[in-house]
Amino acid sequence: MLAEHDRAERLTEIAKAEGLYEEIHLLKEDGTLAGPVDDIPPEVMVAMYRHMVFSRAFDRKAIALQRQGRIGTYAPFEGQEAAQVASAMALAPEDFVFPSYRDHAATMVLGQSPANVLLYWSGRVEGIRSPEGRHILPPSVPIATHVLHAVGAAWASRYRKESAVSIAYFGDGATSEGDFHEALNFAGVFHLPVIFFCQNNGYAISVPFARQSASRTIAQRAIAYDIVGVRVDGNDAFAVYRAVKEARSRALHGLGPTLIEAVTFRMGAHTTADDPTRYRDQKAVVEAWQKRDPIVRLRLYLESQKLWSEADEAKLQDEVKRRVEAAVEEALAIAPPDMEMMFDHVYAEEPWHLAAEREEYRRTREGVSV
Amino acid sequence: MSRMLNLVQAINEALDLKLADDARVVLLGEDIGKNGGVFRATDGLLEKYGEERVIDTPLAESAIIGTSIGMAVNGLIPVPEIQFLAFIFPALDQLFSHVARMRYRSQGQFPVPMTIRTPYGAGIHGPELHAESVESFFAHTPGLKVVVPSGPYDAKGLLISAIEDPDPVVFLEPTKLYRAFREEVPEGLYRVPIGKAKRVREGEDVSVFAWGSMLRTALKVAEALERERGFTCDVIDLRTLYPLDRDAIVESVQKTGRAVVVHEAHKTAGLGAEIVSLINEEALLYLRAPVKRIAGFDVPVPFFALEDEYMPTEARIRAGIEETITF
Ligand SMILES: Cc1ncc(C[n+]2csc(CCOP(=O)(O)OP(=O)(O)O)c2C)c(N)n1
């Protein structure tokens, strides 16, 4: 046992020496830089900040709406704003995006309307429609399955000689599923233009990463498939943005897939149906992670560069409030669904038995005379 | 022009023609390239169309179906092969959770046209888990179509239709029939419509519904019964198992007043139950005898020493039909 342990330690040391597990930081917690960021235009930095502030306000509002019984169960992402927003900002409109159920900050950056996100969590399929001209797939509910879809879409892009990449968003728990490994393996073998973007938010519902995986990092999994693995501070918008930009450029230059591990933290519950105090000292972990807050440090930096002021902040808070309220109004004002929608889009053309079931439903529906 | 082809040659020809016809079509699967498929269904296609179109994948069924989904939402028409039906089990998650639902969830925005080909069924004395016929899993899943040819002509025409279909099709190829017999098959593209059954023998006394390799066995019994006892069977090859051809089933039962369903899948919750229910709902008052199911037993498909007894035999089918006619 000891020998094996020693061996693992040694492998870790080697990997560390090679820089394989190094967590990349650009923007430190106090808002100063750990390295140059000349490749990130100031207006992108400001836009990131605006998106992140909006996302957080939206997220908190969604939780409140759930508490009031105005939407159903919801999966919060507070703490993960930098990972989601900065990664999405590094993409192009033509890219294929395969989100999971928690990635609304990312999809909203890419054009998904906040009202739609609320609709989705109100049990309305309309809420997962992709905005015109974008390829945002419906959020995957089964864990890790959609990682393979991203690989397939990347395959098709290459085959069609289109310069688009695919990105899959998933959590640390997803990396235990077989589909994750199959996806990395296929992407490696076929050298596909795909980005695997893992938000390691520390927990898969109640199970901490240490119990999820014996490997110390997720990035190191890339070694096994001979693809590029990167580990970044997921609360550092600049580091995330650069990692995804570079991965995208590698993909477009035919240099294959990248596995990015963005180390972050889910501040709240797994979903509004979950109680994190059952499995962790919520107060202590939240306090610890608040020091690493992605929004605070970005604001400190922007202020230090005179890219942001008190007045800007006041204006933004105002605007965000209005946008969130507008989204809520829009979502809650939508007419109740036509129940017959459940029969739509099962097939391109409705088969006889569905037509018969639809007809029977129509005939026997309450309030419709027979 | 038509030639005599067996079923696997007909499949090969359909794939060849669709690859030539439509650059969006790609094949992927285990051993389908260099080796031409373990049954040679894809023989010669790699040489002809190259590695971009005929892809030997790593051994991973979930990945084969999962990446096909991504290809399909991004404009390709993948035709994944699963080497044997039972090995689709690791990919059922992809199939049930995504392939079948993607059109629905995206409200038509992201349809996933694909044809999942796989050899299925007993009768070739393969090893364990090489003889399953779980077509009802797929026929229980809205969003999928399920097609089973029973001969070379239909196999080619149905496969072409399946590849051209805007919806995902599970295309089950009866392993036992791959090389069992030849049939005249026209050259070039032609289509056999999905969703339409075919009357393969005209009769008055009983309707016999079958598909895949059971169709052949049922036909033999029907011929013998007519010769020996003068009973005539209306034998219907269902060809598409989901959605079923209601009209063909109901019309036949209205004519004969009796029905027998023959399938090699397990009896309980098999497709036979569905067909009996359909007859009950649509043609009960025409019935002159209870509808009978002659099916595989409700046991795991046994190792091949017992395989022939698991499958409905001519004797069992014959007894079932005779009982129904003389009820
Ligand atoms: C295949 C599958 N198994 C179980 C679940 C139930 N489930 C939903 S989320 C979750 C945890 C996922 O954790 P992770 O992948 O780390 O993502 P996170 O929610 O933390 O973003 C589980 C077990 C599921 N959705 N899919």
Original post:
Which pair of non-hydrogen atoms, one from B:Tyr104 and one from A:Met342, has the smallest distance, and what is that distance?
Top reply: OH-O, 2.6 Å
**OP:** Go through B:Ala60, B:Pro168, B:Pro58, B:Pro142 and name the one with the most non-hydrogen pairs under 4.5 angstrom from chain A.
**Re:** B:Pro58
Original post:
So which of B:Gly143, B:Ser68, B:Pro243, B:Ala72 has the largest heavy-atom pair count under 4.5 angstrom toward chain A?
Top reply: B:Gly143
**OP:** Would you mind checking which part of B:Leu278 comes under 4.5 Å of any heavy atom in chain A, side chain (CB onward), backbone (N, CA, C, O), both or neither?
**Re:** side chain
Original post:
Can you tell which of B:Glu51, B:His98, B:Glu52 has the highest number of heavy-atom pairs within less than 4.5 Å of chain A?
Top reply: B:His98
Subject >> Residue part contacting chain A, namely of B:Ile55, when any heavy atom lies under 4.5 Å >> reply: side chain
**OP:** Might you confirm whether atom CG of A:Asp226 has over 12 heavy atoms from other residues, nucleotides or ligands at distances under 6.0 Å?
**Re:** no
Subject >> A:Leu137 versus chain B, the contacting section by heavy-atom distance below 4.5 Å >> reply: both
Original post:
Between A:Tyr159 and B:Arg53, does any side-chain donor sit less than 3.5 Å from a side-chain acceptor?
Top reply: yes
Original post:
What distance do B:Met102 atom CE and A:His345 atom NE2 have between them, rounded to the nearest 0.5 Å?
Top reply: 15.0 Å
Original post:
Is there side-chain contact between A:His353 and B:Leu244, with at least one heavy-atom pair below 4.5 Å?
Top reply: no
Subject >> Which atom of A:Tyr347 lies closest to which atom of B:Asp167, heavy atoms considered >> reply: CB-OD2, 3.3 Å
Original post:
Is there side-chain contact between B:Val73 and A:His135, with at least one heavy-atom pair below 4.5 Å?
Top reply: no
Subject >> Atom group of A:Val189 that falls short of 4.5 Å from chain B, counting heavy atoms >> reply: side chain
**OP:** Taking all non-hydrogen atoms of both residues into account, name the closest pair between A:Glu162 and B:Asn74 and its distance.
**Re:** OE1-OD1, 4.3 Å
Original post:
Relative to chain B, which of A:Val125, A:Leu354, A:Val141 shows the most heavy atom pairs under 4.5 Å?
Top reply: A:Val125
Subject >> Smallest separation among heavy atoms of A:Glu182 and B:Ser62, with atom names >> reply: OE1-CB, 3.4 Å
Original post:
Which answer fits A:Arg129, side chain, backbone, both or neither, if we ask what part of it has an atom under 4.5 Å from a heavy atom of chain B?
Top reply: both
Subject >> CZ/A:Arg221: more than 12 non-hydrogen atoms of other groups inside 6.0 Å >> reply: yes
Original post:
So which heavy atom on B:Thr57 is nearest to which on A:Phe190, and how close?
Top reply: CA-CZ, 4.1 Å
Subject >> Region of B:Glu61 in contact with chain A, defined by heavy-atom distances below 4.5 Å >> reply: backbone
Original post:
What are the two closest non-hydrogen atoms of B:Thr67 and A:Phe186, and how far apart are they?
Top reply: CG2-CD2, 3.9 Å
Original post:
So do the side chains of B:Arg24 and A:Arg160 get within less than 4.5 Å of each other, counting heavy atoms only?
Top reply: no
Original post:
Nearest 0.5 Å, what's the CG-CD1 distance between A:Asp179 and B:Ile65?
Top reply: 11.5 Å
**OP:** Flag the pair B:Ser97 / A:Thr145 as yes when at least one side-chain heavy-atom distance between them is below 4.5 Å, and no otherwise.
**Re:** no
Subject >> Heavy-atom contact with chain B under 4.5 Å, split by part of A:Phe180 >> reply: neither
**OP:** Verify, without hydrogens or angle tests, whether B:Gln107 (side chain) and A:Glu126 (backbone) share a donor-acceptor contact under 3.5 angstrom.
**Re:** no
**OP:** Could you look at A:Ile136 and say if it's the side chain, the backbone, both or neither that has a heavy atom under 4.5 Å from chain B?
**Re:** backbone
